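Throughout, a chain's letter reflects where its sequence line sits, starting with A, and its residues are numbered from 1. Predicted model only: the values in this text are computed from it and were never measured.
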Amino acid sequence: MDHLDELESRSIYIIREAYRQFKDIAALWSIGKDSTTLVWLIRKAFYGKVPFPVVHIDTSYKFKEIYAFREKWAKEWNLKLIVGRNEEAIKAGMGPERGKLQCCTALKTDALKMTIDKYGFKALLLGIRRDEHGIRAKERYFSPRNREFQWNYKDQPPELWDQYKTKQEGEEHIRVHPLLHWTELDIWNYIKREGIPVVELYFAKGGRRYRSIGCEPCCSPIPSDADTIDKIVEELKTTKISERSGRAQDKERAYMMQKLRALGYM
Amino acid sequence: MITVIAIDALEYTLVEEFNMRNLKQDYYGRTDISEFSEPRTMVLWSSFMTGENREAEILAKGDKEMWNTRIPHEETFFSHFKNPFVLDLPGYNYDLEQHRRERELLKEFFEEKDEERKREVRRKYNENAFAHHRRVKERFFEALEGDYDFVLGYFSVADVIGHLNFGNRSLMKMIYRDLDDIVSRVEGKKIVLSDHGMKAVGAFGDHSDYGFWSTNFRDLGRPRITDFKRIVLQEALGE
Amino acid sequence: MEREHLKLVIVGHVDHGKSTLIGRLFYDTDSLPREKLEEVRQICEALGRELEFAFVMDHLEEERSQGITIDTAQTFFKTAKRDYVIIDAPGHREFTKNMITGASQAEAAILIVDVSEGVQEQTRRHAYILSMLGLKQVIVVLNKMDLVGYSEEVFEKVRGHTLDFLKRIGINPTYVIPISAREGDNVASRSERMPWYTGPTILEALDTFKKTERRDGGPLRFAVQDVYNIEGKRIIVGRVEAGTLRRGDEIVILPTGERTRVKSIEEFMREGVEEAPPGKSTGITLEDKLFVDRGQILCRLEEETPKMVSEVKGSIFWMSSEPLQVGESVIFKCSTQEAPCRVEAIERRIDSSTLEVIEESSSRLENREVGEVTLSFASPVIVEDFNVTPELGRFVIEKEGNISGGGIITRLEG
């Protein structure tokens, strides 16, 4: 088996382990490249018949391309799609201009909590990768969360030889990370090999492309001419540029000025 | 002989997280500053050196004048020593010009609208703080060689850099490591003390409402900042 | 052509120079983003310090954890031969569980020892864990040679001690290399300061290692994970743990002993799959309608089969603050088998930091201790010699839902 086969087999093994243990399970599908790869692997694991729901947390601020992609492929792949929205907060006008943190909390975290509560999910499959989160070995494939979604990373049981923990009382749900051992480059190589569809925003148009996609107001494109997967892979191999996302920090600034004034600094 | 390493805005939780063993020494914990209405630098250090809550008096001076506070030597516990050395402490003998410049750049940063120029101001602000830190370090190590019966070094770098960069954890970690090294180079009885800690507001840093203490001689429990007069005098002079 | 990846873990006592070595490996193989290095250099300068590689690694780590870094090359360093993926394994005692988690995925290990301090508590514990995990490709590096004047005499002395100790736990390192991670001696390039050393540098040594592959020849072991009904087809899913599975293979199901034939190998959107290599997660259908369930092992008829035993002796590393106690019931997990078992005896209890025997015949095994343990089962489990089929020769113990110990089977009893 080559490198991608190994990655794939490991992920499929984990997905099957998770489903064996939890029937009340769902996959989180942000419609980004990683979670779409995850959905692809789930389809492979279950021979095209995904036996549990796929959840999209919709903040109402997603790119229109994301909604179109979701509708098209959810239908094509015959997914049990659940769209989770914090309707109350959306109606009350919550948005990034009220503070990015508050907005994410209300429209993402709270919406997810509500969805978990409503459907009683005991486990969630997520497409996170270890290379997003540092090279330290603190992540686990099976990671328990309490009610407040907190993760006690200082005292996790070990994971070895593909043996994973089982859910305990007091643990609200378990997050399962079948893509933990993949890198961003692996994902693109696999997308290319398998022909996995991805949202067109990833490909350069007019000298810019999105490296990650989410809510329209909080994403900014990077300068790039990579309009094919090959070019993206090439870009990732050669780039040594890192870039802070150009998100607005106006709220934080205003708050900070006010605090610094109160402390007598200004 | 006892040495106090006074570090502005040294945050308890970061010392823990980065596991800075020299900053932690043998005993460490949080200080209780809940008696103060806000964790203000000038108020806290003035109260520290006199052993009494000086908030009302400092606040009465107003935001501008507050920074020029100079508490007379005889009102501080430093006067109990024959030959004390106190380096750059706010409210006592700190470099007014240096700290005025810092506040000025801070204001300039927040008032600047243009992102490019903002970055430039931040760079100038950081550079100014680091340059001062290098000078203070040098003088502190010189003082440790000197013939003093009490040495207090005040380090502002974690506070000054923290206000504009607290969200940049690797930068903060490098600063904490540097402070950790400074403590490791001090011999004999020592106290590490901060006025307050810091918490993140996005990329920035706001004061948290507890301070940090550590010693290499005994557990202090949860002291107030005004308790340190008694602690230092007791440990150094048996008073 | 896809490049080969080898997973490498670097372990050793705290402050023996792990971060510095990682930083040095990245730096010397030009795997560090230049601008990051520059940034760190500037801050170090601003603080009036020398550039330290450990800082660079912290910096990368931090940026990554904030999701700022977009560079993917960072978990790798490259040689002409292949890419190395560093799996970090924390050195602090409190992080032993993370260390095991990391090291269990590695194909090769570097054990770093400060030449001026020699073998310490975590050196012993980590070495023991490498031995338990069955890692055979091990390099010992004696670091901080600059602090001992690059002395051959000191190197030889510490080398002797280290090898003596490693021998006791069954590790025979492929190389012992004198280095200075800080100065770069014998990491990527040969040190001129140690002309007496004629062996390879770290990179040269690493490049001689092989990727660990599962055994593809020899007896087949297919571990059943689950059974799915897909459009009327009964697909038995699982993983080929060893050997190669082929369509048409005549198989025997353990533990029932029933025999049948592999009718098809099932992969999504692929027809006519003829074989599944070791390590492959796949599915099969059988000629006959037989009872098949998770935990069973399918083997090829007329090949040697694993043993079915109701008692095993194993060497266990315990890693939970809840001790393992004689007489209690815990869960034994080996491949896809999960079997309740009783702790019959703890024949020897060893401190993993000193590797000294604390007690012969004990009633309990505490956190970070190693024990020779006897476990008994109500119904037999399928196990094998660790050295023949590691996948069926190693197990974990689950207590109260948490994996609390890992071990290898040292003796199989009928």
Side-chain angles (χ1 to χ4, degrees), chain A residues 1-6 8-13 16-17 19-20 43-49 51 130-138 140 154-169 171 181 183-186 189 211-212 222 236-245, chain C residues 2 4-5 33-36 60-61 63-65 67-75 86-90 94 96-102 104-105 133 225-226 228 230-231 235 237 239 266-269 277 279-283 294 319-320 333 391 394-396 398 400-404 406:
Chain A
M1 292 202 295
D2 68 13
H3 180 59
L4 291 178
D5 290 334
E6 275 175 27
E8 177 193 67
S9 260
R10 184 118 199 248
S11 298
I12 289 178
Y13 187 83
R16 287 173 174 166
E17 284 297 284
Y19 179 61
R20 170 79 195 193
R43 293 177 65 238
K44 278 197 157 184
F46 302 106
Y47 300 92
K49 300 261 172 280
R130 188 172 275 134
D131 79 326
E132 295 173 294
H133 292 261
I135 54 175
R136 298 260 190 254
K138 57 188 170 217
R140 300 286 193 267
K154 289 222 167 111
D155 190 32
Q156 303 177 84
E159 249 174 20
L160 64 164
W161 304 327
D162 286 330
Q163 301 291 353
Y164 307 105
K165 81 180 271 31
T166 45
K167 189 180 158 297
Q168 292 311 296
E169 253 174 73
E171 290 166 357
H181 52 294
T183 65
E184 188 179 6
L185 200 56
D186 292 330
N189 280 326
R211 186 120 190 234
S212 61
I222 55 162
L236 288 176
K237 274 185 182 160
T238 54
T239 188
K240 284 194 177 175
I241 305 164
S242 53
E243 188 149 290
R244 213 172 258 278
S245 63
Chain C
E2 202 182 293
E4 187 176 274
H5 294 66
R34 287 282 154 206
E35 66 186 87
K36 281 285 148 43
L60 290 176
E61 170 84 7
E63 298 251 314
R64 193 181 278 284
S65 66
I68 296 167
T69 305
I70 58 166
D71 187 2
T72 52
Q74 282 167 16
T75 41
I86 293 193
I87 301 169
D88 189 68
E94 307 91 87
T96 305
K97 289 182 283 188
N98 288 355
M99 185 271 167
I100 283 209
T101 303
S104 72
Q105 298 164 42
L133 293 171
Q225 224 181 338
D226 213 338
Y228 301 152
I230 308 283
E231 286 169 347
I235 302 181
V237 300
R239 182 161 64 189
E266 297 288 331
E267 307 247 323
F268 183 48
M269 307 228 286
K280 182 89 180 167
S281 285
T282 187
R294 180 183 172 88
M319 36 194 159
S320 164
K333 287 180 151 186
E391 291 78 10
R394 61 193 182 197
F395 61 91
V396 300
E398 191 179 87
E400 283 147 22
N402 285 327
I403 290 167
S404 306

If you measure from [atom1] on [X] to [atom2] on [Y], what distance do you get to the nearest 0.5 Å?
X        : Y        : atom1 : atom2 : answer
C:Gln225 : A:Asp162 : CD    : CG    : 9.0 Å
C:Arg394 : A:Gln163 : CZ    : CD    : 9.0 Å
C:Met269 : A:Tyr47  : CE    : OH    : 13.5 Å
C:Glu267 : A:Ile12  : CD    : CD1   : 7.5 Å

Does A:Leu160 reach the side chain of C:Met319, with side-chain heavy atoms less than 4.5 Å apart?
-> yes
So, the side chain of C:Lys333 versus the backbone of A:Tyr164: is there a donor-acceptor pair under 3.5 Å, distance only?
-> yes
Under 3.5 Å: donor-acceptor pair, side chain of C:Thr101, backbone of A:Pro158 = no
May I ask you to decide if the ring planes of A:Phe46 and C:Tyr228 are parallel, tilted or perpendicular, using 30° and 60° as cut-offs?
->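 Aromatic pair A:Phe46/C:Tyr228 classed tilted.
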Examine whether an atom of A:Glu8 lies under 4.5 Å from a heavy atom of chain C, and if so say whether it belongs to the side chain, the backbone or both; otherwise answer neither.
->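 Contact with chain C involves the side chain of A:Glu8 alone.
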Whatever's closer than 4.5 Å to a heavy atom in chain C on A:Lys49 counts as side chain
Steps toward side-chain contact (heavy atoms from CB on, under 4.5 Å) verdict (A:Trp161, C:Ile403) | CA-CA 11 Å; A:Trp161 304 327; C:Ile403 290 167; over 6 Å; no
Which answer fits C:Ile235, side chain, backbone, both or neither, if we ask what part of it has an atom under 4.5 Å from a heavy atom of chain A?
-> side chain
What are the two closest non-hydrogen atoms of A:Met1 and C:Pro277, and how far apart are they?
->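 Looks like CG-CG, 3.4 Å.
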Mind ranking A:Arg10, A:Glu159, A:Arg20 by heavy-atom pairs under 4.5 Å with chain C and telling me who comes out on top?
->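 Ranked by heavy-atom pairs under 4.5 Å with chain C, first place is A:Arg20.
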Go through A:Lys44, A:Glu17, A:His181 and name the one with the most non-hydrogen pairs under 4.5 angstrom from chain C.
->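 Of A:Lys44, A:Glu17, A:His181, A:Glu17 has the most heavy-atom pairs under 4.5 Å with chain C.
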For chain A, which of C:Glu266, C:Arg239, C:Glu391, C:Gln105 has the most heavy-atom pairs under 4.5 Å?
->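 Maximum pair count with chain A is reached by C:Arg239.
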